[in-house]
Asks: 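Below is a structure I'd like to ask you about.
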Amino acid sequence: MSVENCRYGKAKGKRQEARVKRVWAILHFFTQFGFIVFTYLDYIHHNPVQRGYVDKPSHWRYSSYRNYLELPSLLSVELVDF
C-alpha cells in the first residue's frame with residue numbers, strides 16, 4: 001500500500017492531525033526536561049517500515065530520517081546533535 005493509494009476522509013484526517021499534535025507535544029515535553037528522545041525518534045522513523053509501506057526508513061519520503069543521513073528530503077529539519 002502506498003501513500004498515493006490512501007484516501008483520507010475528513011474524520012480520519014482530523015484523527016491523524018490530533019495524533020501528530022500529541023506526538024509533538026510529547027517530544028516537546030521530553031526535550032524541555034532534557035530527556036533523550038531516541039526512543040520516540042526510533043518509533044517515528046521505523047513506523048512506516050512496521051506498517052509495511054517501505055522496506056527501510058530512508059525510503060519513506062516524508063521522514064526526517066533522510067535528513068539525518070544527509071539525503072534529499074521533502075522536509076526542512078533542524079537537526080539536533082545528541
Side-chain angles (χ1 to χ4, degrees):
M1 176 180 228
S2 69
V3 174
E4 290 81 14
N5 293 337
C6 292
R7 292 195 176 115
Y8 294 103
K10 288 183 181 179
K12 188 169 185 178
K14 288 181 181 179
R15 284 193 307 264
Q16 186 172 1
E17 183 178 326
R19 200 172 301 130
V20 169
K21 286 181 180 179
R22 279 195 309 270
V23 168
W24 281 112
I26 291 168
L27 286 173
H28 179 71
F29 171 80
F30 280 106
T31 56
Q32 286 295 316
F33 292 97
F35 293 108
I36 299 174
V37 294
F38 286 123
T39 305
Y40 292 100
L41 288 174
D42 187 57
Y43 169 77
I44 291 168
H45 290 148
H46 286 88
N47 197 31
V49 176
Q50 292 172 348
R51 293 287 190 139
Y53 298 144
V54 292
D55 295 327
K56 296 179 181 180
S58 60
H59 293 166
W60 188 249
R61 294 175 47 181
Y62 307 101
S63 175
S64 62
Y65 188 85
R66 298 176 59 81
N67 295 88
Y68 287 97
L69 296 178
E70 297 181 356
L71 295 172
S73 176
L74 296 176
L75 303 174
S76 175
V77 176
E78 183 178 331
L79 300 178
V80 177
D81 188 22
F82 290 104

Asks: Please answer: with hydrophobic residues joined when any side-chain heavy atoms are less than 4.5 Å apart, are Tyr62 and Leu69 in the same cluster?
Replies: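 Looking at the clustering, Leu69 is in a separate group from Tyr62.
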Asks: Relative to each other, are the rings of Trp60 and Tyr53 parallel, tilted or perpendicular (30° and 60° limits)?
Replies: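 Taking Tyr53 first and then Trp60, their aromatic rings lie parallel (interplane angle under 30°).
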Asks: Under a single-linkage definition using a 4.5 Å side-chain heavy-atom cutoff for Ile, Leu, Val, Met, Phe, Trp and Tyr, are Tyr68 and Leu71 assigned to the same hydrophobic cluster?
Replies: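 They do not share one cluster, since no chain of ILVMFWY contacts under 4.5 Å joins Tyr68 to Leu71.
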Asks: If you compare all heavy atoms of Ser73 against all heavy atoms of Ser63, which two are closest, and at what distance to 0.1 Å?
Replies: OG-O, 3.8 Å
Asks: Kindly give the heavy-atom pair with the smallest separation between Asp55 and Val49, and that separation in Å.
Replies: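 Between these two residues, the closest heavy atoms are O-CG1, 3.8 Å.
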Asks: Heavy atoms only: give me the nearest Ser58-Arg66 pair and the separation to one decimal.
Replies: O-NH1, 2.5 Å
